[in-house]
Amino acid sequence: TVFYRHLSVQQLKEQLTSPMHPRILATEQDFADLRRRVDADQTAADFYRQLYAQAEQLLQTAPPKTPERHTLQNRLLVLCLVYKICGERRFFDRAWQELDRYCSFSTWMYNEKLDAGYILKGIAIGYDWLYHNLSEQQRETIHTAVLQNAFWSELQVYRNPYLTGLDSHYVLHNTNHNVSINCGMMMAACALFDAPALTDICAEIVESALWALENYLPEFLEHGCGKEGVYYWYWPTTSVMEILFALKGTFDTDFGISQTPGFDKMAFFPVYMTGASGKEFNWGNAWEDVFAISESLFAFSTLLGDEQFAYCRLKGMQVYKQPATPYDLLWYRPLTQQAPSLPLQMKFDRTESVGMFSAMFQPDATSVCIKGGYNNEVHTSLCAGSFVIDAQGERWASLPGGEKYNVPDYWDYTENGRRWTYYRMRAEGQNAMVLNPSQAPDQYPFSICPVTAFHFDADSCKTVLDLSDAFRKDARVS
């Protein structure tokens with residue numbers, strides 16, 4: 001059992017070590033250092049050039065007419081980061097337009113609470129990074145919107161998560177919604193913490209969110225992998241990084257989150273679940289053309305003092321021609337060591353997945369990614385034994401990816417749930433064995449299929465999966 005250090009509301013108020021802004025994700029000193037990197041380092045300069053062009057394009061857009069889950073954060077990260085570097089007022093003005101529009105909405109939970117979680121991230125970044133340019137009236141506009149659209153309602157959830165009728169799934173359950181929504185709540189609380197009328201509320205939210213994260217993060221981090229697949233590794237891992245930097249900037253501690261067992265292995269998962277072609281191993285609800293080796297690896301590199309993670313992100317961007325994101329520029333640091341010698345294979349527990357390569361970061365290399373694991377994890381399919389094969393820059397054995405989320409009963413994970421009637425969720429839709437095919441689930445939905453052998457030497461690698469549990473109704477092991 002993992003417990004993150006809990007403080008009372010009063011202790012959290014006393015723990016506030018940085019009443020200054022900005023402090024969410026970056027401090028004023030961080031931005032000064034960033035400006036110097038852009039001037040002195042070619043990679044940072046190239047990242048900035050790309051983001052400046054994106055910011056100029058955003059000047060030609062209008063704020064959305066209804067709340068959109070990722071739009072606010074995505075736009076404000078670009079506009080605010082470019083503004084903090086170049087100081088051009090037009091980027092501040094456009095950022096405020098976006099903030100003002102979102103503050104005018106009567107709800108941020110347009111489809112579900114996850115929408116509000118990501119909108120709160122954008123609110124926190126805009127408020128904190130633009131704090132000294134905002135008028136008192138603009139700050140009050142943000143205060144009011146955060147209270148009305150998130151804090152008041154979710155305080156009741158934190159205080160009474162077992163109360164009938166409350167949607168407390170992000171507090172009690174161990175899916176990516178937990179970390180994403182609690183991250184948004186925590187970032188906003190950290191940003192607004194020094195507003196006198198909000199300090200008590202913000203302290204209670206931080207303390208409550210830390211408690212809620214105990215229901216998800218230890219299991220997510222424990223085996224150094226993403227149990228919901230590599231696509232759904234990205235969202236919670238990015239949220240973890242945002243939480244760490246927000247807490248550190250506000251309280252000078254992350255309350256033990258970075259010491260959670262498995263944290264030091266997490267960054268390898270997308271590296272070895274991305275084939276040699278640059279396409280991800282997209283089991284479950286995932287899409288192969290999403291590049292999985294994300295900007296979080298730059299943050300891992302800084303937090304763990306290990307440049308091999310930054311090398312993997314940078315090399316992946318170069319080889320597979322990936323554009324820079326705001327977090328690339330914010331978290332990148334120039335490499336000081338030679339390219340690391342990465343192993344050509346790696347195994348991950350829980351997902352019981354293995355990546356095997358003839359060479360790393362060479363598109364014409366050969367790679368095989370394969371998995372066993374739990375068939376009934378959130379976002380997975382009946383895919384025990386699934387694999388993808390890449391060679392000569394192409395994917396030769398691929399997976400179909402996820403079904404549309406709004407098809408009937410898609411989230412019915414029961415043994416004979418309708419989810420298992422959709423082709424993309426069945427073993428017959430995967431690179432997986434099928435025995436005695438019928439209309440019933442073609443693998444046991446609650447099976448656990450471990451890697452039983454994993455051997456490698458200089459010339460070869462071998463992985464053996466025990467799939468007997470997936471076919472418990474159709475086969476017997478004697």
Side-chain angles (χ1 to χ4, degrees), residues 176 225-235 268-294 316 320 345-348 350-358 363 365-407 410-411 413 417-435 437 441-445 447-451 461 463-467 469-471:
N176 65 82
C225 64
K227 67 175 185 175
E228 300 174 55
V230 68
Y231 178 77
Y232 279 95
W233 175 96
Y234 172 82
W235 302 108
F268 282 122
F269 187 62
V271 175
Y272 289 89
M273 293 293 103
T274 297
S277 67
K279 296 179 178 180
E280 71 172 37
F281 180 17
N282 59 312
W283 79 78
N285 294 326
W287 295 266
E288 66 178 14
D289 289 329
V290 176
F291 188 67
I293 306 174
S294 76
Y320 301 109
Q345 59 285 310
M346 192 166 290
K347 172 186 174 293
F348 299 93
R350 179 77 184 199
T351 56
E352 297 299 310
S353 55
V354 175
M356 300 171 282
F357 295 76
S358 63
T366 299
S367 67
V368 177
C369 300
I370 189 168
K371 76 171 293 290
Y374 292 66
N375 263 347
N376 207 43
E377 297 279 25
V378 175
H379 286 295
T380 57
S381 54
L382 302 180
C383 59
S386 286
F387 60 90
V388 292
I389 299 175
D390 294 5
Q392 299 177 339
E394 300 291 341
R395 174 149 291 178
W396 296 91
S398 61
L399 297 177
E403 184 55 82
K404 293 179 180 178
Y405 286 8
N406 61 353
V407 297
Y410 186 59
W411 304 105
Y413 286 90
R418 193 169 178 181
R419 179 181 181 87
W420 315 126
T421 67
Y422 294 108
Y423 177 78
R424 289 172 178 264
M425 293 294 102
R426 293 173 60 82
E428 63 183 336
Q430 317 297 316
N431 294 323
M433 290 175 57
V434 176
L435 299 179
D442 48 3
Q443 288 187 359
Y444 179 52
S447 65
I448 304 173
C449 298
V451 172
C461 183
T463 298
V464 177
L465 293 168
D466 179 359
L467 301 180
D469 197 31
F471 302 103

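For clarity, every value in this text was computed on a predicted model and none was experimentally measured. Just so you know, residue 1 is the first one in the sequence shown, and it goes up from there.
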>> Do D390 and S277 pair up side chain to side chain, a donor and an acceptor below 3.5 Å, judged on atom types alone?
In response: yes

> Can N375 and Y413 be counted as having a side-chain donor-acceptor contact under 3.5 angstrom?
Replying inline: no

> What is the ring orientation for Y405 with H379, classed by angle as parallel under 30°, tilted 30 to 60°, or perpendicular over 60°?
Replying inline: tilted

>> Once you measure the plane-to-plane angle for W283 and F281, does it fall in the parallel (<30°), tilted (30-60°) or perpendicular (>60°) bin?
In response: perpendicular

> Given F348, which of F269, W233, F268 fulfils the ring pair (Phe, Tyr, Trp, His ring centres under 6.0 Å) condition?
Replying inline: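 Answer after filtering F269, W233, F268: F269.
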
Counting C-beta onward and ignoring hydrogens, is there a side-chain heavy-atom pair between [X] and [Y] closer than 4.5 Å?
{"X": "M346", "Y": "V354", "answer": "no"}
{"X": "M273", "Y": "E280", "answer": "no"}
{"X": "C369", "Y": "V388", "answer": "yes"}
{"X": "L382", "Y": "R419", "answer": "no"}
{"X": "L435", "Y": "Q443", "answer": "no"}
{"X": "Q345", "Y": "F357", "answer": "no"}
{"X": "L399", "Y": "E288", "answer": "no"}
{"X": "M356", "Y": "S367", "answer": "no"}

Measure the spacing between [atom1] of [X] and [atom2] of [Y] and express it to the nearest 0.5 Å.
{"X": "M425", "Y": "N285", "atom1": "CE", "atom2": "CG", "answer": "5.0 Å"}
{"X": "T274", "Y": "I293", "atom1": "OG1", "atom2": "CD1", "answer": "4.0 Å"}
{"X": "W420", "Y": "S381", "atom1": "CH2", "atom2": "OG", "answer": "7.5 Å"}
{"X": "T366", "Y": "I389", "atom1": "OG1", "atom2": "CD1", "answer": "9.5 Å"}
{"X": "N282", "Y": "Q430", "atom1": "CG", "atom2": "CD", "answer": "8.5 Å"}

>> Is it the case that the side chain of T421 and the backbone of R418 share a donor-acceptor pair, with hydrogens and angles ignored and the cut-off at 3.5 Å?
In response: yes

>> When you measure from the side chain of Y422 to the backbone of E403, do you find a donor-acceptor pair of N or O atoms at a distance under 3.5 Å?
In response: no

> Hey, is CD on E428 packed in by over 12 heavy atoms from elsewhere, all under 6.0 Å?
Replying inline: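 Above 12, so yes.
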
>> With a sphere of 6.0 Å drawn around CH2 of W287, does it hold more than 12 non-hydrogen atoms of other residues, nucleotides or ligands?
In response: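 Result for CH2/W287: enclosed.
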
> Could you go step by step and tell me if Y234 and Y231 meet the side chain to side chain contact (heavy atoms under 4.5 Å, CB included) rule?
Replying inline: CA-CA 6 Å; Y234 172 82; Y231 178 77; 6.0 Å; no

>> Go through it in stages, so that I can follow the logic: the residues are F471 and D442, the test is side chain to side chain contact (heavy atoms under 4.5 Å, CB included), and I'd like the CA-CA distance, side-chain angles, deciding distance and then a yes or no.
In response: CA-CA 8 Å; F471 302 103; D442 48 3; over 6 Å; no

>> Checking K371 against C383 for the side chain to side chain contact (heavy atoms under 4.5 Å, CB included) test, could you report, in this order, the C-alpha distance in whole Å, the side-chain angles of both residues, the deciding distance, and whether it holds?
In response: CA-CA 8 Å; K371 76 171 293 290; C383 59; 3.7 Å; yes

>> Just to verify, which of V451, L465, V464 counts as forming a side chain to side chain contact (heavy atoms under 4.5 Å, CB included) with I370?
In response: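 Answer to the side chain to side chain contact (heavy atoms under 4.5 Å, CB included) test with I370 among V451, L465, V464: L465.
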
> Looking at residues at least two apart in the chain, or sitting in another chain, which of them share a side-chain contact (heavy atoms from CB on, under 4.5 Å) with A365?
Replying inline: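 Only A276, S358, A359, Q362 meet the side-chain contact (heavy atoms from CB on, under 4.5 Å) criterion with A365.
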
>> Ignoring hydrogens, what is the shortest heavy-atom contact between D466 and C449? Give both atom names and the distance.
In response: O-CB, 3.3 Å

> Minimum heavy-atom separation for P363 to Y320, with atom names?
Replying inline: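 Shortest heavy-atom separation between P363 and Y320 comes out as CG-CE2, 4.1 Å.
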
>> Is there a side-chain hydrogen bond (donor to acceptor under 3.5 Å, both in side chains) between N376 and Y444? Walk through the geometry before answering.
In response: CA-CA 9 Å; N376 207 43; Y444 179 52; over 6 Å; no

> For E228 and N176, what are the C-alpha separation, side-chain angles and deciding distance, and is it a side chain to side chain contact (heavy atoms under 4.5 Å, CB included)?
Replying inline: CA-CA 8 Å; E228 300 174 55; N176 65 82; 2.7 Å; yes

> Taking the six-membered ring of Y374 as reference, does the NZ or CZ atom of R350 fall below 6.0 Å from its centre and within a 45° cone about the axis?
Replying inline: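 That pair qualifies as a cation-pi contact.
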
